[in-house]
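Quick notes on the structure that follows.
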Amino acid sequence: MSIISKDISKAIAILNSEELVAIPTETVYGLAGNVFSEKAIKRIFETKKRPFFNPLIVHIPSIEALPNIVSYVPDKAKLLADAFWPGPLTLVLPKQSTIPDVITAGKDTVAVRIPNHPVTLELLNQLDFPLAAPSANPFGSISPTTAQHVESYFKDDIKMVLDGGSCLRGIESTIIGFEGDQPIIFRLGSTSIESIESIVGPIQIKNKKDIAPNAPGMLDRHYAPSTQTILVENISKAIEKHSNKRIGVLAFQYPEKHDAITFQIVLSETKDLQEAASKLYDALHQLDKQDLDVIITERLPDFGLGKSINDRLQRATVQL
Ligand code: AMP
Ligand code: MG
């Protein structure tokens, strides 16, 4: 029997009994549990096979709940929360002492956001506790953007996927931390750097070496298909090199024409970066199912969401 359901009261009952429910958000599906239940949080790490040194994002229903989670909000964090919440922006701020160490991997900061999905906002509003929710996929694999993706990963491990349709934004939240009171980008994501800079001025991306291993989204290999994936500037040249193989192509705007291509997906015929982001992970899931030898994909324009998509494609290509 399918574990996919739209029944919010059932989700509440499961979460109240310290078990896990996969929840829809505008970015990707999350694997959610009660922030204050040690049992539920341990299950999140076990189910995902996620190393304990990786902290989780706390999801709250409204900005009124923020002081329960964090002890200090710099002015620029307040501006960002006002501008982007509910939405795909996560803030890393000093934690309240009530937030368990297992959520923050022992750090004195906690990651928090208000997701912008009507079903999950209703769920959060009805619960007496916030939800810790990393992406609902085994550690390192492609993130889930449909209830079916989650079911195929975890049907034997969790009781329910709360169905909220396909995720409209399609890649993870942008994560912003603070050095002193200055914001700094910890992870690129669904909120573009340009839109963040329009609120707080020029912002830097934290050097990867400074945050690993605490930000798994920043690991070299992450969001990765099991099929070998390569990222190139020019797809047709790459096809020539691999023409004796079963080739899959993930193109941005124009389909590639070549007899050697077994399977192909175009992300956005109108060159729309938001459309491309929303289709990215489903495209990788589909390509990964085709029994291909290689997936060839191309770098997108390096601005706006293109930067975030390129970041994910880069991490999808790293070989173990
Ligand atoms: P996921 O929920 O799988 O998208 O991953 C959550 C991301 O938030 C990870 O990259 C975490 O390392 C990051 N994160 C959560 N808490 C913190 C924190 N206190 N400091 C830095 N990064 C954090
Ligand atoms: Mg993840």
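Start at 1 and go down the list; that is how both ligands and their atoms are numbered. For the numbers below, each heavy atom of this structure counts, side chains included, while hydrogens, waters and symmetry mates do not.
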| query | Does the ring centre of Phe52 sit less than 6.0 Å away from the ring centre of Phe45? | reply | yes
| message | Looking at Lys279 and Glu275, is any side-chain nitrogen of the basic one under 4.0 Å from a carboxylate oxygen of the acidic one? | response | yes
| message | Under a 4.0 angstrom heavy-atom cut-off, which atoms of ligand 1 come close to Pro134? | response | 2 (O), 3 (O)
| field | Test of ring centre spacing under 6.0 Å for His149 and Tyr281 | value | no
| message | If hydrophobic clusters are built from ILVMFWY residues whose side chains come within less than 4.5 Å, do Ile265 and Ile235 share one? | response | no
| Main-chain N/O of Asn137 paired with Lys48 side-chain donor or acceptor, under 3.5 Å | yes
| Can you list the ligand 1 atoms lying under 4.0 Å from a non-hydrogen atom of Val92? | 18 (C), 19 (N), 20 (N)
| request: Would you tell me whether Ser9 and Asp7 have side-chain atoms, one donor and one acceptor, within less than 3.5 Å of each other? | output: yes
| task | Salt-bridge test for Glu298 and Lys237: reply yes if a basic N is under 4.0 Å from a carboxylate O, no otherwise. | result | no
| message | Heavy-atom contact check, 4.0 Å cutoff: does Asn54 meet ligand 1? | response | no
| request: With heavy atoms under 4.0 Å as the rule, classify the contact between Arg50 and ligand 1 as side chain, backbone, both or neither. | output: side chain
| query | So is there a nitrogen or oxygen of Thr104 less than 3.5 Å from a nitrogen or oxygen in ligand 1? | reply | no
| said: Does any N or O of ligand 1 fall below 3.5 Å from an N or O anywhere on Lys48, backbone included? | reply: no
| request: May I ask you to check whether over 12 heavy atoms, not counting those of Gln204, lie within 6.0 Å of atom CD? | output: no
| request: Answer yes when Asp302 and Lys307 have at least one side-chain N-carboxylate O distance shorter than 4.0 Å, and no when they do not. | output: yes
| query | Can a salt bridge be assigned to the pair Arg312 and Glu172 using a cut-off of 4.0 Å between side-chain N and carboxylate O? | reply | yes
| remark: Within less than 2.8 Å of the Mg ion (ligand 2), the count of protein N, O or S atoms comes to 1
| field | Nitrogen or oxygen atoms of Glu172 and ligand 1 under 3.5 Å apart | value | no
| Heavy-atom side-chain contact between Leu188 and Ile185 under 4.5 Å | yes
| Where does Thr90 meet ligand 1, judged by heavy-atom distances below 4.0 Å: at the side chain, the backbone, both, or neither? | neither
| remark: Note: ligand 1 atoms sitting under 4.0 Å from heavy atoms of Ile175 are 7 (C), 8 (O), 13 (C)
| remark: Contact region, Thr109 to ligand 1, non-hydrogen atoms below 4.0 Å, reads both
| said: Can you tell me if Gly177 contacts ligand 1 (heavy atom of the residue under 4.0 Å from the ligand)? | reply: no
| Any side-chain heavy atom of Thr90 within less than 4.5 Å of one from Phe186? | no
| said: If the cut-off is 4.0 Å to any non-hydrogen atom of Arg187, which atoms of ligand 1 fall inside it? | reply: 1 (P), 4 (O), 5 (O), 7 (C)
